[in-house]
Q: 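Pasting a structure here, questions to come.
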Amino acid sequence: VLEDLEMPVARRETENLFQERPETGNQYLEDALLRSYLKAHLPPKVLEEVSQDLERFGNRLLTEVKPLGWECELNPPVFRQYDAWGQRVDHIITCSAWKRMKEISAEEGLIAEAYERRYSNWSRVHQAVKLYLFSTTSGGFNCPLAMTDGAAKVIESLGTPASLKNAFDHLTSRDPKKFWTSGQWMTERRGGSDVANGTETVARKQPDGTYRLYGFKWFTSAADSDVTLTLARIADAEGHVKQGSSGLSLFFLKVRDEDKKLNNIRVQRLKDKLGTRQMATAELWLDGAEAELISAEGRGVASISNMLNISRIHNVIGAVASMRRMISLSREYALKRVVFGKLLKDHPLHMQTIARMEVQTRGAFLLLMEIARLLGLAETNMASEQDQLLLRLLVPVAKLYTGKQASATVIEAMECFGGQGYMEDTGLPVIVRDTLVLSIWEGTTNILSLDVLRSLTKSQGQVIAVFFSTVQKKIELASSTAELEPAVKQMQAAINRLTQFIQGAGSKEAVTMELAARDFSYSLARIYAGALLIEHASRPDASAADISAARRWCNQELCPVATEFKNSSYEAEESLMDSSLVYGS
Ligand code: UCC
Ligand code: FAD
């Protein structure tokens with residue numbers, strides 16, 4: 001105080017002239033779209049209980065979880081390979097805040113909620129919303145949770161065999177002392193997309209029926225996890241293995257034994273990553289790791305796809321959460337930051353910038369809720385065959401689309417803070433870095449576009465018929481709302497263009513669909529999200545913002561695949577030109 005008084009006025013003013021920090025409150029209470037979605041869909045009794053839980057959780061996130069998340073960022077995991085006496089120890093040391101996140105995840109039932117099903121088909125929505133609120137303050141703990149949920153799902157899909165019952169109980173426990181997390185080890189040195197050709201790990205059967213795994217896993221996230229699922233090729237009596245996808249089987253293993261000793265696993269090093277630095281991603285040698293075969297032999301990929309589909313949904317949760325968080329901070333900042341003599345919020349061009357992000361985020365959020373809703377129906381035997389087909393299609397569509405949206409949105413939002421947005425200790429670059437991985441892991445954009453085609457082929461085209469009829473139903477409901485008329489018209493035109501594309505593409509060579517896969521998937525995402533926005537905006541208590549979001553969304557190019565098809569972009573000649581453009585003539 002004394003020093004303050006003695007300081008010359010000019011210096012005192014400069015030193016106190018800070019730009020104000022954007023402060024956000026309870027994320028649940030501040031999220032109007034989330035609350036209106038829950039109000040529109042949940043049965044009243046469920047809504048009452050879920051809202052209370054979310055409000056309480058929102059406060060816990062603010063007071064307890066957020067500081068822990070920041071601590072995780074400041075204290076990333078450290079790898080110690082040898083002890084002081086030259087003994088190989090391979091310790092991955094995580095901070096106390098990271099360990100606390102695990103306990104909080106159990107206490108909050110972030111996995112348990114989905115498997116207890118106390119709200120029947122709505123439990124998945126409840127869980128998804130809690131994870132969405134948790135995501136950006138979780139200090140990267142959303143990653144192990146994604147894989148843990150995936151592992152529990154695989155075990156449940158296998159009918160929870162007796163040998164895995166204990167693991168299932170741990171993975172879905174609310175008891176912090178009992179709760180386990182899982183890894184998902186699929187990527188090897190030869191590749192992460194092409195798992196069928198990339199997997200070299202061999203499984204040797206032991207006399208007691210268990211297996212020992214030998215191989216090298218190139219990316220293993222949350223390497224401090226308790227258990228994992230992984231793929232390997234079973235060697236026959238002569239030591240031969242079958243190549244390709246049908247040579248892969250799925251295994252469950254515990255990473256450490258009761259004494260915390262690694263299960264014949266050696267850690268080569270931790271990855272030096274652009275983001276998700278709070279979480280340890282390791283390179284691991286499996287040198288006879290004890291494992292249990294949990295799929296039919298040769299059905300590894302099909303069995304682990306249950307895990308993939310769940311962790312891809314978590315990826316969507318992460319994408320929407322990042323967008324929402326950056327927008328919340330941007331709009332708060334705009335209430336405080338003065339430039340050119342007025343607050344940022346009073347500069348129309350700046351408001352337009354944030355509003356555009358808001359429209360994108362709304363579309364992505366409704367896609368996420370739709371998937372959680374369908375998953376909830378499927379898990380409580382309430383889903384029709386059509387619902388199940390739609391879910392299979394929408395998971396890759398939403399993962400690939402929201403991953404890209406989120407990357408673009410967080411970068412745009414970073415700019416909303418000017419130079420401050422680029423400053424490490426604001427925490428904003430952390431969100432940006434952690435978001436950029438969302439389009440890479442859990443299947444890249446192209447790989448997921450091809451998965452969209454796989455879902456079409458597998459259903460012999462049925463899924464696309466369901467897609468069209470669902471979209472049609474949703475927009476028909478809105479026909480009575482005059483303000484939504486232009487949006488409905490644009491949607492109708494997009495549906496017609498997509499239909500024409502499908503008919504046109506059907507008569508061309510197979511290469512066409514492969515080249516069109518990404519644009520096709522984007523078209524499905526935009527059209528479906530458009531229908532959801534229209535549906536949400538046609539509620540009797542819809543706000544002007546709901547209607548505007550639907551209209552603005554539908555104003556964008558809804559069906560890029562039709563335009564590119566018309567431009568002959570998917571013809572063989574154009575494909576050759578792509579190569580020439582990339583490599584020169
Ligand atoms: O990156 C990873 C973890 C990161 C950390 C966690 C973050 C979580 C988010 C955090 C929140 C912020 S783990 C690694 C992820 N890796 C991938 O995603 C792999 C990407 N590659 C693919 O997805 C490929 O498409 C493959 C591996 C699935 C292709 O394998 P195949 O064997 O060549 O494909 P096939 O032969 O077409 O498929 C084999 C079987 C078929 O079934 P059947 O035999 O009955 O006809 C397919 O229909 O598997 C079935 N299948 C699926 N079924 C394949 N994919 C799926 C699917 N998605 N859903 C259902
Ligand atoms: P590649 O397959 O070599 O892909 C390179 C490029 O080629 C991509 O742009 C891709 O879209 C494109 N491409 C590939 N095939 C095709 C095709 N047929 N047509 C068109 N384009 C194609 N993996 C795990 O198993 N477990 C983990 O825990 C894990 N954690 C990770 C954590 C981080 C931070 C990161 C970055 C990755 C992690 N991964 C993990 C690996 C991740 O899943 C893979 O990196 C990802 O699936 C891509 O595989 P790849 O790296 O081999 O890329």
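This is a predicted model, so every value here is computed, not measured.
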Q: Which pairs count as ring pair (Phe, Tyr, Trp, His ring centres under 6.0 Å) when at least one residue sits in residues 183-215, sequence neighbours excluded?
A: Tyr211-Phe251
Q: Give, for atom CZ of Arg325 and atom OG1 of Thr24, the distance between the pair rounded to the nearest 0.5 Å.
A: 3.5 Å
Q: Within the distance-only criterion (no hydrogens, no angle test), does the side chain of Ser249 pair as donor or acceptor with the backbone N or O of Arg233 below 3.5 angstrom?
A: no
Q: Write out all pairs satisfying ring pair (Phe, Tyr, Trp, His ring centres under 6.0 Å) with one or both partners inside residues 254-283, taking only residues at least two apart or from two chains.
A: none
Q: Applying side chain to side chain donor-acceptor pair (under 3.5 Å), name anything that partners Ser163, two or more places apart in sequence or on another chain.
A: Glu292
Q: Can you tell me if NZ on Lys99 sees more than 12 non-hydrogen neighbours from other groups inside 6.0 Å?
A: yes
Q: Under the 3.5 angstrom rule, does the side chain of Ser459 hit a backbone N or O of Leu456 as a donor-acceptor pair?
A: yes
Q: Please identify each residue that fulfils side chain to side chain donor-acceptor pair (under 3.5 Å) with Ser51, with sequence neighbours left out.
A: Tyr28
Q: Taking the side chain from Asp259 and the backbone from Lys261, do they hold a donor-acceptor pair closer than 3.5 Å?
A: no
Q: Do Glu108 and Arg56 meet the salt-bridge criterion of a basic N to acidic O distance under 4.0 Å?
A: yes
Q: Flag the pair Leu34 / Val129 as yes when at least one side-chain heavy-atom distance between them is below 4.5 Å, and no otherwise.
A: yes
Q: Less than 4.0 angstrom from a charged side-chain N to a carboxylate O is my criterion; do Arg117 and Glu156 meet it?
A: yes
Q: In terms of side-chain geometry, is the basic nitrogen of Glu116 or Arg174 positioned less than 4.0 Å from the acidic oxygen of its partner?
A: yes
Q: Using modelled atom types and a 3.5 Å cut-off, is there a donor and acceptor pairing between side-chain atoms of Ser295 and backbone atoms of Leu250?
A: yes
Q: Counting only N and O atoms by type, is there a donor-acceptor contact under 3.5 Å from the side chain of Asn121 to the main-chain atoms of Arg373?
A: no
Q: Rounded to the nearest 0.5 Å, what separates atom CZ in Arg324 from atom OG1 in Thr409?
A: 10.5 Å
Q: Would you say the side chain of Met323 lies within less than 4.5 Å of the side chain of Phe365, judging by non-hydrogen atoms?
A: no
Q: Say whether, by atom type as modelled, one donor and one acceptor occur between the side chain of Asp451 and the main chain of Pro396 under 3.5 angstrom.
A: no
Q: Below 4.0 angstrom, N of the basic side chain to O of the carboxylate: do Arg100 and Glu64 qualify?
A: yes
Q: Would one find more than 12 heavy atoms of other residues, nucleotides or ligands at under 6.0 Å from atom CG of Asp208?
A: yes
Q: Would you compute the distance between atom CG of Leu131 and atom CD1 of Ile317 and round it to the nearest 0.5 angstrom?
A: 5.0 Å
Q: Run the side chain to side chain donor-acceptor pair (under 3.5 Å) test against Gln243 and tell me which residues pass, sequence neighbours left out.
A: none
Q: Can you confirm whether Phe216 sits close enough to Thr201 that some side-chain heavy atom of one is under 4.5 Å from a side-chain heavy atom of the other?
A: no
Q: With sequence neighbours left out, what residues match Asn197 under side chain to side chain contact (heavy atoms under 4.5 Å, CB included)?
A: Asp194
Q: Ignoring hydrogens and angles, tell me if any N or O in the side chain of Lys66 forms a donor-acceptor pair with the backbone of Arg60 under 3.5 Å.
A: no
Q: Could you pull out all residues at least two apart from Asn264 that satisfy side chain to side chain contact (heavy atoms under 4.5 Å, CB included)?
A: Arg212
Q: Would you give the length of the straight line joining atom CG of Asn315 to atom CG of Leu368, rounded to the nearest 0.5 angstrom?
A: 11.0 Å
Q: To the nearest 0.5 Å, what is the distance between CH2 on Trp180 and CG on Asp169?
A: 9.5 Å
Q: Begin from the C-alpha positions of Arg118 and Glu113 and carry the test salt bridge (charged side-chain N to carboxylate O under 4.0 Å, His left out) through to its verdict.
A: CA-CA 8 Å; Arg118 62 179 159 147; Glu113 200 65 66; 2.8 Å; yes
Q: Verify, without hydrogens or angle tests, whether Thr220 (side chain) and Ala282 (backbone) share a donor-acceptor contact under 3.5 angstrom.
A: yes
Q: Quick one: does Thr94's side chain have a donor or acceptor within less than 3.5 Å of a partner on Trp98's backbone?
A: no
Q: Within the structure provided, determine whether Val395 and Leu308 are in side-chain contact (heavy-atom separation under 4.5 Å).
A: no
Q: Check whether any side-chain N or O of Gln206 sits under 3.5 Å from a backbone N or O of Arg204 as a donor-acceptor pair, and report yes or no.
A: yes
Q: Under the rule for side chain to side chain contact (heavy atoms under 4.5 Å, CB included), what residues qualify as partners of Arg80, not counting sequence neighbours?
A: His91, Ile93
Q: Side-chain polar contacts of residues 37-46 - donor-acceptor pairs under 3.5 angstrom, sequence neighbours left out - could you list them?
A:
unit_1: Lys39; atom_1: NZ; unit_2: Asp541; atom_2: OD2; d: 3.1
unit_1: Lys45; atom_1: NZ; unit_2: Glu49; atom_2: OE2; d: 3.1

Q: Please list, chain by chain and in numerical order, all residues satisfying side chain to side chain donor-acceptor pair (under 3.5 Å) with Arg526, sequence neighbours excluded.
A: Tyr401
Q: I need the Leu270 CG to Gln81 CD distance, nearest 0.5 Å.
A: 10.0 Å
Q: Run the side chain to side chain contact (heavy atoms under 4.5 Å, CB included) test against Phe219 and tell me which residues pass, sequence neighbours left out.
A: Thr187, Lys271, Thr281
Q: Are Asp31 and Arg35 close enough, and set up right, to give a salt bridge (charged side-chain N to carboxylate O under 4.0 Å, His left out), and what steps lead you there?
A: CA-CA 6 Å; Asp31 195 328; Arg35 297 182 68 194; over 6 Å; no
Q: Output side-chain donor-acceptor pairs under 3.5 Å for residues 145-155, partner residues at least two apart or in another chain, one line each.
A:
unit_1: Thr148; atom_1: OG1; unit_2: Pro144; atom_2: O; d: 2.6
unit_1: Thr148; atom_1: OG1; unit_2: Ser182; atom_2: N; d: 3.0
unit_1: Asp149; atom_1: OD1; unit_2: Tyr115; atom_2: OH; d: 2.7
unit_1: Asp149; atom_1: OD1; unit_2: Arg124; atom_2: NH1; d: 3.3
unit_1: Asp149; atom_1: OD1; unit_2: Arg124; atom_2: NH2; d: 3.4
unit_1: Asp149; atom_1: OD2; unit_2: Arg124; atom_2: NH1; d: 2.9
unit_1: Asp149; atom_1: OD2; unit_2: Gln127; atom_2: NE2; d: 2.9
unit_1: Asp149; atom_1: OD2; unit_2: His314; atom_2: NE2; d: 2.8
unit_1: Lys153; atom_1: NZ; unit_2: Glu379; atom_2: OE2; d: 2.6

Q: Please determine if Glu73 and Arg433 form a salt bridge, counting it only when a charged side-chain N lies under 4.0 Å from a carboxylate O.
A: yes
